[in-house]
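Down below is the structure, laid out as structure tokens.
Computed over heavy atoms, backbone and side chain alike; hydrogens, waters and symmetry mates excluded.
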Amino acid sequence: MSTDHNTSEPIDPRELARLQLYQTIAAIPEGNVASYGQLADLAGQTGAARWVGYCLRHLPKDSSLPWHRVITSSGKLAFAEQSEGYWRQRNLLESEGVTLRNHKVNMTTYRWQP
DNA sequence: CTGTTGACTTAGG
DNA sequence: ACCTAAGCCAACA
């Protein structure tokens with residue numbers, strides 16, 4: 001095969017970015033947290049914090065990604081307080097040592113720094 | 001192509 | 001420190 005149109009380049013930029021995002025999230029150490037914006041940046045999609053939220057929202061339920069380590073830049077969980085998702089995420093975080101103070105995580109203490 | 005949506009972020013009050 | 005408004009970006013109808 002020479003320099004022809006190679007059929008082996010179905011690389012979808014958006015899906016590629018999504019895979020890179022997943023890889024980045026998977027790298028967040030236990031006991032640490034990262035913000036949506038921080039992850040968008042690390043995944044090469046600076047400014048697309050909402051896109052990160054979109055990806056997590058559509059994550060398969062059986063996913064092994066540590067999605068619970070992703071919170072807002074202010075240290076709050078993206079889920080509404082008292083909601084099911086809120087407690088689900090909070091329990092997972094506390095189970096690995098991340099404490100919440102008045103519904104917020106101390107970012108200075110738990111923010112992941114690659 | 002235009003308008004809407006949302007697991008966001010930042011600047012102001 | 002809490003609330004609001006505006007900004008932002010990709011996905012979707």
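In summary, the side chains of A:S63 and A:Y22 do not present any donor paired with an acceptor at a separation below 3.5 Å, with no hydrogens or angles considered.
A:A80 and A:S83 make their closest contact through O-OG, 2.6 Å (heavy atoms, listed as atom of the first residue, atom of the second, distance).
Taking hydrophobic clusters as Ile, Leu, Val, Met, Phe, Trp and Tyr residues chained together by side-chain heavy-atom distances below 4.5 Å, A:F79 does not share a cluster with A:Y54.
In this structure, A:Q45 places its CD atom 11 Å from P of C:dC9, rounding to the nearest Å. For the pair A:L39 CG and C:dC9 C1', the interatomic distance rounds to 15 Å; values are reported in whole Å.
Looking only at side-chain heavy atoms (C-beta outward), A:V105 and A:V98 come within less than 4.5 Å of each other. Counting only heavy atoms from C-beta outward, the side chains of A:V70 and A:L56 approach each other to under 4.5 Å.
Taking the nucleotide of DNA chain C with the nearest heavy atom to each of A:A48 and A:N102, the more 5' of the two is matched to A:N102.
Rounding to the nearest 0.5 angstrom, the gap separating the CZ atom in A:R18 from the CG atom in A:D12 is 9.0 Å.
Applying the salt bridge (charged side-chain N to carboxylate O under 4.0 Å, His left out) rule to A:R90 yields the partners A:E94; only residues at least two apart in sequence or on another chain are considered.
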Dot-bracket notation for DNA chain C, counting Watson-Crick and G-U pairs under 3.5 Å, with | for partners on another strand: .||||||.|||||
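Residue contacts for A:K104: at a heavy-atom cut-off of 4.0 Å it reaches the sugar-phosphate backbone alone, with no base atom in range.
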Sequence-aligned protein contact record of nucleotides 4-13 of chain B, with B where the base is within under 4.0 Å of a protein heavy atom and S where only the sugar-phosphate is: --BBBSS---
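Salt bridge annotation for A:E96-A:R69: present, with a cationic side-chain nitrogen under 4.0 angstrom from a carboxylate oxygen.
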